[in-house]
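Right, one structure below, let's go through it.
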Amino acid sequence: MRIRTCLLFLACGVIAACRSSHTQTSDPRFDAVVAAPAFRSSGPRVLFDDGHRNFHRSDGRYAPFVTLVRNDGCVVTSNTKPFDLASLQPYDILVIANAEGETTGAPAFTAAEIEAVGAWVEGGGSLLLVADHSPFGRAANAMAERFGVSMLDAHLKDETHHDPSLPGPFFLLFSRENGLLGDHPITRGINRVVTFGGQALRVHSPAALLLRLSPDARIVRDLKQPAVTEPAGPDAAHAVALTPGQGRAVIIGEAAALTAQVITGDAAKPFGVQELRFGMSREDIDNKQFALNIVRWLARAIPPAD
């Protein structure tokens with residue numbers, strides 16, 4: 001979730017525009033301890049992309065994610081260069097979170113970069129591709145399309161299956177109880193995942209749906225007209241896992257779920273609090289374990305789906 005474009009109007013439960021991105025920061029009180037690390041030595045080598053005008057960087061809003069996976073035994077390196085096959089080869093996992101193009105909504109990656117990442121994954125690499133609501137979906141869509149997934153951009157809401165502890169239908173709840181958690185090694189041991197304002201994905205290739213969308217899920221193209229919606233559709237999802245060639249990939253349409261952030265000041269007032277913690281900071285949901293399971297599956301510490 002990008003807070004400078006997402007602020008809840010409590011009166012109508014609708015997300016509206018806000019320009020104060022400085023209020024959205026990583027949570028300094030997040031507990032990144034991993035009780036039983038998956039990798040005791042020689043952990044997977046993770047390349048975190050900081051080279052494509054990323055709104056979520058390894059040293060910024062995704063620092064809690066980086067700290068968490070390092071505590072799990074991963075070795076994380078920041079990337080500041082364009083992708084090519086040679087630069088990707090030393091690594092096991094590539095993480096891309098909310099890359100942006102040179103202008104709003106422009107493609108974040110060149111055709112050569114997309115082909116390099118695609119060939120690297122199909123040859124045995126693993127990709128975690130994270131892209132939020134508009135404009136991040138447009139920026140990363142060509143990369144997702146390389147793996148048979150379209151990013152629908154815009155904003156996703158569900159009037160029925162949203163987190164009751166937060167106002168409005170844009171904070172989606174995926175649980176065992178509501179049947180929206182898919183059956184996959186990544187979701188085993190997970191009971192509740194909440195996302196915090198993202199986009200839908202349309203799947204065109206064989207994939208496991210990690211976070212399913214209900215028939216009530218709707219796409220909002222214009223936040224100034226939140227009642228004007230279209231159905232997400234039966235082939236849509238919020239997060240998927242794929243096994244292209246010899247590799248693995250997870251694509252998720254929301255960024256805040258996999259990090260720990262806090263909103264303070266004026267941006268928190270519509271929620272009725274001085275500060276609001278979300279993502280992995282919340283102890284009443286399983287987002288922290290979900291993030292660990294994604295990386296462990298990508299690192300092949302968790303077996304493929306049955």
Side-chain angles (χ1 to χ4, degrees), residues 1-3 24-40 43-44 46 48 56-76 93 95-98 126 128-132 162-166 171-178 180-198 208 210-212 238-241 248 250-263 273 275-302:
M1 176 175 67
R2 186 175 184 173
I3 296 304
Q24 181 184 1
T25 60
S26 60
D27 184 355
R29 290 191 279 171
F30 168 60
D31 179 8
V33 171
V34 179
F39 312 102
R40 296 290 181 178
V46 178
F48 195 104
H56 287 83
R57 293 175 51 89
S58 64
D59 58 356
R61 297 176 182 89
Y62 252 54
F65 172 89
V66 170
T67 300
L68 180 70
V69 300
R70 279 178 171 155
N71 289 346
D72 204 33
C74 296
V75 179
V76 183
I93 300 171
V95 178
I96 304 172
N98 275 349
S126 291
L128 171 57
L129 178 60
V130 182
D132 246 328
H162 58 86
D163 183 358
S165 71
L166 292 169
F171 302 100
L172 274 59
L173 172 64
F174 303 85
S175 68
R176 296 293 171 197
E177 184 178 3
N178 67 21
L180 298 181
L181 275 177
D183 182 19
H184 188 271
I186 288 174
T187 60
R188 300 207 179 136
I190 303 294
N191 292 310
R192 287 165 53 89
V193 170
V194 174
T195 62
F196 300 84
L210 303 177
L211 303 180
R212 303 176 182 274
H238 206 27
V240 299
R248 296 185 180 189
V250 170
I251 301 177
I252 181 169
E254 205 277 307
L258 301 185
T259 188
Q261 296 181 102
V262 60
I263 307 170
V273 295
E275 62 181 18
L276 176 70
R277 285 181 161 73
F278 55 103
M280 298 191 301
S281 288
R282 285 183 46 179
E283 296 181 357
D284 61 327
I285 56 179
D286 298 319
N287 288 41
K288 177 180 175 180
Q289 190 62 51
F290 185 55
L292 285 172
N293 285 5
I294 287 173
V295 174
R296 290 171 179 178
W297 184 78
L298 290 173
R300 293 168 173 78
I302 296 177

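We're numbering straight along the sequence, starting at 1.
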Separation of R248 CZ from L128 CG (nearest 0.5 Å): 14.0 Å
Straight-line distance of N293 CG to I190 CD1, nearest 0.5 Å: 4.5 Å
Shortest non-hydrogen separation from A256 to E254 and the atoms involved: N-OE2, 2.8 Å
Side chains of V130 and Y62 in contact at under 4.5 Å (non-hydrogen atoms): yes
Chi angles and distances behind the side chain to side chain donor-acceptor pair (under 3.5 Å) call for H56, T259: CA-CA 9 Å; H56 287 83; T259 188; over 6 Å; no
Separation of S175 OG from D286 CG (nearest 0.5 Å): 10.5 Å
Minimum side-chain heavy-atom gap F48-F65 below 4.5 Å: yes
Over all atoms of both residues, closest heavy-atom pair of V75 and G43: CG2-O, 4.4 Å
Closest non-hydrogen atom pair between M280 and A291, with its separation: SD-CB, 3.8 Å
Reference residue F174; test side-chain contact (heavy atoms from CB on, under 4.5 Å); the match among T187, T195, L210, D163: T195
Note, P44 side chain near R300 side chain (heavy atom, < 4.5 Å): no
N178 CG to L173 CG distance, which is reported to the nearest 0.5 Å: 5.0 Å
Set of salt bridge (Lys or Arg N to Asp or Glu O under 4.0 Å) partners for R296, sequence neighbours left out: D72
Residue pair R188 / D183, side-chain heavy-atom distance below 4.5 Å: yes
Q289 side, atom CD; I294 side, atom CD1 - distance, nearest 0.5 Å: 11.0 Å
Separation of L181 CG from I186 CD1 (nearest 0.5 Å): 11.5 Å
Side-chain (N287) to main-chain (V194) donor-acceptor, under 3.5 angstrom: yes
Closest non-hydrogen atom pair, I302 against P185: CG2-CB, 3.3 Å
I'd like a table of donor-acceptor pairs (distance under 3.5 Å, sequence neighbours excluded) in which one partner is a side-chain atom from residues 27-37, with atom names and distances.
| from | atom 1 | to | atom 2 | distance (Å) |
| --- | --- | --- | --- | --- |
| D27 | OD1 | R29 | N | 2.9 |
| D27 | OD1 | R277 | NE | 3.2 |
| D27 | OD1 | R277 | NH2 | 3.3 |
| D27 | OD2 | R277 | NE | 2.8 |
| D27 | OD2 | S281 | OG | 2.6 |
| R29 | NH2 | E275 | OE2 | 2.5 |
| D31 | OD1 | V33 | N | 3.1 |

Taking every non-hydrogen atom, the tightest pair across K288 and L68: CE-CD1, 3.6 Å
I285 side chain reached by F290 side chain, heavy atoms, under 4.5 Å: no
Closest non-hydrogen atom pair between R282 and S165, with its separation: NH2-OG, 3.5 Å
Close side-chain approach of F196 to Q261, heavy-atom, < 4.5 Å: no
Check: L211 and L172 side chains under 4.5 Å, non-hydrogen atoms: no
